[in-house]
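In what follows, a structure is listed as structure tokens, so that the remarks can point back to it.
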Amino acid sequence: MSKTRFIAKRLLECLVSLVVMSFVIFSLLYIAPGDPARSLVGAKKVTPELLSKIREQYHLDDPFLTQYTRWVHDAVSLEFGNSIKAGYPVIDYIAPHAAVTFQLVGLSLLLSIIIGVGLGVVSARRKGRLTDRIIDISSIIGTCSPSFALGLVLLYVFSYQFGIFPMYGIGEPGNLPDVLWHLILPAITLTVGVSALLIKITRSAMLKEVSSDYAVFMRARAIPTGKIVFSQLKNASAPVLTSTGLVLASLFGATVLIENVFSIPGLGVLLTTSVTFRDVPVVQFIALMLGGIICLTSAFVDILVYFFNPTIHRTPNNDKKAKGAS
Amino acid sequence: MESTTKDKKLKFSPAKKLELPPLRIILSVFFLLIIALWMAFPSLFAPDALSLDIHNAKLPAGSAGHLLGTDALGRDVLKLLIAGTDSAMIGPLCIAAGSLIIGLVLGSTAGWFGGFWDKIVSAYADLTLSMPSMLLAIVAAAIIGGGYWVSVLVMIILYSPFDIRLVRSAVMQQKSKPYIESTKMLNLGTVNILAKHIFPNIAMVVLVNFFLNIAYGLMSMSSLSFLGLGVGPKEADWGRQLSDGRELLSQNPAMSLSAGIIIIVTAVSINLIGSYLLERGGFDDN
């Protein structure tokens with residue numbers, strides 16, 4: 001497969017899954033019980049005339065496909081409508097929440113890569129020994145602990161019993177050390193599940209390299225262990241990198257729960273409250289934005305990996321532990 | 001390939017000592033038996049778990065008559081935990097069974113027939129896998145209007161691609177082996193070959209995956225009920241108990257913690273048994 005064909009194919013895949021996702025989200029909101037016009041006016045008593053006027057204004061009487069294409073057209077021209085609850089454009093409404101979530105996800109992504117890849121390398125190099133088995137068991141426990149349950153246990157132990165970390169919130173806005181201090185415990189909680197996933201992937205990729213001929217040869221030439229590990233890691237990096245989509249999907253999925261546990265005013269809390277308020281534009285925007293980020297990042301990483309090593313077409317991300325970090 | 005499996009058999013079959021599984025497996029099985037008993041006879045272990053007793057509300061753990069204390073409505077936390085086993089475990093079992101059935105039907109036909117049908121099924125699996133499942137599940141469960149069985153259905157759809165891929169590749173692996181060639185020669189019929197000859201050989205992998213699906217289903221379903229989607233507000237459920245208990249963290253921390261710990265221990269036990277079976281079945285994890 002030529003490079004351009006690969007890139008085109010990967011981007012097309014990304015586009016298809018975005019279209020399908022938008023279609024699913026839109027049709028879910030369409031078939032949902034309840035009259036959207038009624039929820040727009042809230043609990044007030046209204047005349048049928050007013051309701052039909054609102055329907056007309058929001059094109060709610062149009063056939064399904066017309067509504068969907070109009071919505072896609074608006075979304076492509078970055079016109080996402082107003083939040084029903086707040087009354088002003090969705091993007092302005094979401095921005096401060098998104099900033100919090102991206103800080104949290106970024107912090108735990110950094111921690112997960114350090115811990116996950118590090119322990120994965122250690123466990124592959126110590127295959128079958130005690131260290132490997134300890135890491136293996138703890139990564140099973142990590143993948144099997146629902147993040148919200150783990151978060152609550154950590155919150156109770158470290159914030160409530162020992163009072164080391166703050167209980168909730170994100171601290172004083174603008175004060176970076178304070179914000180980071182508030183985000184540490186939630187980030188650690190998120191990290192546990194995701195780094196367990198990364199340990200598995202890194203370990204199985206590294207196992208092939210550890211026993212390979214070139215590694216043995218390097219050892220025979222007395223090249224320092226650090227250098228050997230580095231070149232092994234470089235060769236094992238492809239499956240780790242292509243799991244980006246998986247890692248981001250589980251991070252964003254888990255962050256919805258974690259934000260609810262630690263009362264962090266991010267996208268997750270916004271999503272759950274908007275869902276209960278039936279604030280349709282906000283729910284659509286958050287779901288599509290996160291889906292788009294996951295899709296595009298994993299496509300970008302796949303293309304990047306392909307450029308460095310064109311012999312790898314695509315590593316199927318069929319690792320079962322994807323759901324582990326939920 | 002064939003000779004190695006033969007060697008393995010020769011090495012292990014003659015003097016097979018009765019070997020006890022490791023302690024962690026024994027403990028896991030024991031724990032899951034208790035869970036199964038709680039599930040089967042909730043009224044025996046926790047009679048009238050949902051009866052209110054406002055005068056004894058918010059008692060801390062260790063109070064007389066209430067080992068784990070009481071919740072904000074005066075319900076006994078231990079009884080709630082036992083009564084919640086049902087709603088916490090039945091959903092995951094249905095998810096695992098449902099996605100197993102979809103996986104077996106779609107995966108085996110795709111792997112067996114190949115061609116255009118295989119392309120459609122694989123495209124469906126790839127597409128579903130590329131979706132952020134947890135986010136979609138939350139949005140779907142919330143929008144369609146909660147309901148336990150709606151969440152179960154959404155989860156079955158989101159879990160099935162893993163089963164489809166697994167069964168498909170297992171069937172494709174078996175398909176090219178000589179014993180299947182001979183069944184084809186004997187003209188045994190597709191359904192017959194798939195059910196009687198291929199299935200026994202892939203049953204172990206599928207069973208292990210079934211176990212793992214229960215564990216992940218438990219986590220996903222309790223995540224949804226933690227967010228207030230899925231089960232009703234007055235019902236007993238682990239995820240909901242954990243969420244409700246957050247308000248009582250200072251008066252009775254045992255309410256949240258016991259639910260959180262039981263979810264973790266159950267999921268870990270199921271997963272440990274699954275990976276033990278995987279090891280015993282001789283399948284390489286990598």
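Chain identifiers are assigned alphabetically (A, B, ...) following the order of the sequence lines, protein sequences preceding nucleic acid strands; residue numbering begins at 1 within each chain.
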Can we call the ring centroids of Phe23(A) and Tyr68(A) under 6.0 Å apart? yes

Just by distance, with hydrogens left out, do Glu259(A) and Thr101(A) show a side-chain donor and acceptor under 3.5 Å apart? yes

Please determine, among Ala249(A), Ser17(A), Cys14(A), the option with the most heavy-atom pairs under 4.5 Å with chain B. Ser17(A)

Part of Ile141(A) within contact of chain B (heavy atom distance under 4.5 Å): both

Less than 4.5 Å to any heavy atom of chain B: does that hold for the side chain of Thr272(A), its backbone, both, or neither? side chain

Quick check on the interface: out of Leu152(A), Ile140(A), Ile294(A), who has the most heavy-atom pairs with chain B under 4.5 Å? Leu152(A)

Arg126(A) CZ: over 12 foreign heavy atoms closer than 6.0 Å: no

Picking from Arg203(A), Lys200(A), Arg133(A), what satisfies side-chain hydrogen bond (donor to acceptor under 3.5 Å, both in side chains) with Ser123(A)? Arg203(A)

Identify which part of Val153(A) has an atom lying under 4.5 Å from any heavy atom of chain B, answering side chain, backbone, both or neither. both

Other residues, nucleotides and ligands only: do more than 12 of their heavy atoms fall within 6.0 Å of CZ on Phe300(A)? no

Please state whether the rings of Phe158(A) and Phe162(A) are parallel, tilted or perpendicular, taking 30° and 60° as the class boundaries. tilted

Return the CG to CG distance between Asn209(B) and Leu166(B), rounded to the nearest 0.5 Å. 5.0 Å

If we define contacts as heavy-atom pairs under 4.5 Å, which of Thr128(B), Leu242(B), Leu136(B) has the most with chain A? Leu242(B)

Heavy-atom distance under 4.5 Å to chain A: side chain of Ser275(B), backbone, both or neither? side chain

Most chain A-contacting option - heavy-atom pairs closer than 4.5 Å, from Ser222(B), Ala215(B), Gly260(B), Gly239(B): Ser222(B)

Going by distance alone, is a donor N or O of one side chain under 3.5 Å from an acceptor N or O of the other, for Asp302(A) and Thr242(A)? no

Okay, Ile286(A) and chain B: the region with an atom under 4.5 Å from a heavy atom over there is neither

If you count heavy-atom pairs within less than 4.5 Å of chain A, which of Leu257(B), Ile270(B), Val265(B), Thr266(B) leads? Leu257(B)

Is chain B contacted by the side chain of Leu271(A), its backbone, both, or neither, given a heavy-atom distance below 4.5 Å? side chain

